[in-house]
Peer 1: 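Sending over a structure as structure tokens; questions will come in a sec.
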Amino acid sequence: MAENKEPFDIIIVDFPDPNNESLNKLYTNVFYNYVKANLAKGGVAAVQSTSPYYASDSFWCIHKTISTQFEHVLPYHVQVPAFGEWGFNLAFEGERERKPLTVETKFLTEENVDSLFVFGKDEMAALEKVGVNEMFRPRLITYYNDDVENW
């Protein structure tokens with residue numbers, strides 16, 4: 001990401017969960033700054049962000065960290081058969097409008113797309129208490145380890 005010269009229209013970030021110090025660095029504000037720098041104008045980044053149900057503090061920490069770099073960050077979640085409820089974040093600059101689906105899909109319908117972006121109060125409780133995951137102030141690994149311990 002630091003050496004890339006050609007911007008991307010879409011960046012999909014699908015790292016393993018941040019269960020050690022090395023992986024934690026990939027979930028910092030510094031990394032998301034690189035993501036932003038590598039997006040073309042009008043581009044979108046989608047980031048795997050752990051489970052908002054099983055690892056709520058971790059999920060909202062990732063969301064809050066991405067939000068330090070992007071104008072708009074939309075958290076969303078979906079049931080993934082092998083994982084249960086899993087969360088992601090869409091990050092972009094400028095305004096966006098959701099357009100109707102124009103491709104055949106196996107899961108998504110016009111009726112359920114908007115529901116992916118809806119969270120209950122209990123699911124969002126951690127948002128206010130967690131901090132940003134910074135390179136020199138790593139918080140996410142602690143949140144993640146605590147979340148896994150209580151899983």
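All values below were derived from every heavy atom in this structure, side-chain atoms included, with hydrogens, water molecules and symmetry-related copies excluded. The shown structure was predicted, so the numbers you read here are calculated from the model rather than taken from an experiment.
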Peer 1: Nearest 0.5 Å, what's the CE-CG distance between M135 and N33?
Peer 2: 10.5 Å
Peer 1: So if you build clusters from Ile, Leu, Val, Met, Phe, Trp, Tyr with side-chain heavy-atom gaps below 4.5 Å, do L74 and I10 land together?
Peer 2: no
Peer 1: Between CG of D57 and CG of N150, what distance do you get to the nearest 0.5 Å?
Peer 2: 9.0 Å
Peer 1: One pair to check against side-chain contact (heavy atoms from CB on, under 4.5 Å): E123 and H77. What are the steps and the verdict?
Peer 2: CA-CA 11 Å; E123 295 174 300; H77 56 128; 3.7 Å; yes
Peer 1: Under 6.0 Å between ring centres: does that hold for F31 and F15?
Peer 2: yes
Peer 1: Looking only at heavy atoms, which two atoms of S56 and A126 are closest? And how far apart?
Peer 2: OG-CB, 3.5 Å
Peer 1: Would a single hydrophobic cluster contain both M124 and F117, if residues Ile, Leu, Val, Met, Phe, Trp and Tyr are joined by side-chain heavy-atom contacts under 4.5 Å?
Peer 2: no
Peer 1: Which atoms form the tightest heavy-atom contact between V130 and C61, and what is the distance?
Peer 2: CG2-N, 3.7 Å
Peer 1: Out of T50, D17, N19, which one pairs with Y144 under the side chain to side chain donor-acceptor pair (under 3.5 Å) rule?
Peer 2: D17
Peer 1: Looking only at the side chains, is there a donor atom on one of S49 and N89 sitting less than 3.5 Å from an acceptor on the other?
Peer 2: yes
Peer 1: Compare every heavy atom of Y143 with every heavy atom of G131, then report the nearest pair and how far apart it is.
Peer 2: N-OH, 2.8 Å
Peer 1: Do the side chains of Y32 and L140 join up, straight or via other hydrophobic residues, at under 4.5 Å, putting them in one cluster?
Peer 2: yes
Peer 1: Picking from T65, D14, V13, V35, what satisfies side chain to side chain contact (heavy atoms under 4.5 Å, CB included) with V47?
Peer 2: V13
Peer 1: Counting N and O atoms only, with roles assigned by atom type, does the side chain of H72 sit under 3.5 Å from a partner on the main chain of L90, one being a donor and the other an acceptor?
Peer 2: no
Peer 1: Looking at S51 and W86, would you say the former's side chain and the latter's main chain have a donor-acceptor pair under 3.5 Å?
Peer 2: no
Peer 1: Taking the side chain as C-beta and beyond, is there a heavy-atom pair between V148 and D146 under 4.5 Å?
Peer 2: no
Peer 1: Once the angle between the rings of F119 and W60 is folded into 0 to 90°, is it parallel (under 30°), tilted (30 to 60°) or perpendicular (over 60°)?
Peer 2: perpendicular
Peer 1: So, applying side chain to side chain donor-acceptor pair (under 3.5 Å) with N133, which one of N24, N29, T68, T28 is it?
Peer 2: N24
Peer 1: How far apart are the C-alpha atoms of N38 and E6, what are their side-chain angles, what is the distance that settles it, and do they pass the side-chain contact (heavy atoms from CB on, under 4.5 Å) test?
Peer 2: CA-CA 7 Å; N38 280 275; E6 296 292 322; over 6 Å; no
Peer 1: Would you say the side chain of P75 lies within less than 4.5 Å of the side chain of F88, judging by non-hydrogen atoms?
Peer 2: no
Peer 1: Considering only heavy atoms from C-beta outward, does the side chain of L101 approach that of V103 to under 4.5 Å?
Peer 2: no
Peer 1: Under a plain distance cut-off of 3.5 Å, with no hydrogens placed, do D147 and S58 share a side-chain donor-acceptor pair?
Peer 2: yes
Peer 1: State plainly whether the residues E93 and K36 are in salt-bridge range, i.e. N to O under 4.0 Å.
Peer 2: yes
Peer 1: Quick check: do L116 and L108 have side-chain heavy atoms less than 4.5 Å from each other?
Peer 2: yes
Peer 1: Using 0.5 Å steps for rounding, measure from the CG atom of L26 to the CD1 atom of I62.
Peer 2: 11.0 Å
Peer 1: If you count every heavy atom of other residues, nucleotides or ligands that lies below 6.0 Å from E128 atom CD, does the total exceed 12?
Peer 2: no
Peer 1: Any donor and acceptor pair, going by atom type alone, linking the side chain of Q69 with main-chain N or O of I66 inside 3.5 Å?
Peer 2: no
Peer 1: Measure the acute angle between the ring planes of Y54 and W151, then classify it against the limits of 30° and 60° as parallel, tilted or perpendicular.
Peer 2: parallel
Peer 1: Look up atom CD in E97 and atom CD in E95, then write down how far apart they are to the nearest 0.5 Å.
Peer 2: 10.5 Å
Peer 1: Could you check whether any side-chain heavy atom of P52 comes within less than 4.5 Å of a side-chain heavy atom of E85, counting everything from C-beta outward?
Peer 2: yes
Peer 1: Tell me whether F136 is reachable from V30 by hopping between hydrophobic residues (I, L, V, M, F, W, Y) whose side-chain heavy atoms are closer than 4.5 Å.
Peer 2: yes
Peer 1: What are the two closest non-hydrogen atoms of P7 and K5, and how far apart are they?
Peer 2: CD-O, 3.8 Å
Peer 1: Please check if the number of heavy atoms outside F92 that lie under 6.0 Å from its CZ is greater than 12.
Peer 2: yes
Peer 1: Test side-chain contact (heavy atoms from CB on, under 4.5 Å) on I11 and L39 and set out the steps.
Peer 2: CA-CA 7 Å; I11 296 177; L39 272 178; 3.8 Å; yes
Peer 1: Find out if a path of hydrophobic residues (ILVMFWY) with successive side-chain heavy-atom gaps under 4.5 Å connects F8 to F70.
Peer 2: yes
Peer 1: Side-chain contact test, heavy atoms from C-beta onward, threshold under 4.5 Å: evaluate it for Y27 versus Q48 and give yes or no.
Peer 2: yes
Peer 1: Got a salt bridge between R98 and E110, using NZ or NE/NH1/NH2 to carboxylate O under 4.0 Å?
Peer 2: yes
Peer 1: Would a distance-only check, ignoring hydrogens and angles, find a side-chain to backbone donor-acceptor pair under 3.5 Å from K64 to L127?
Peer 2: yes
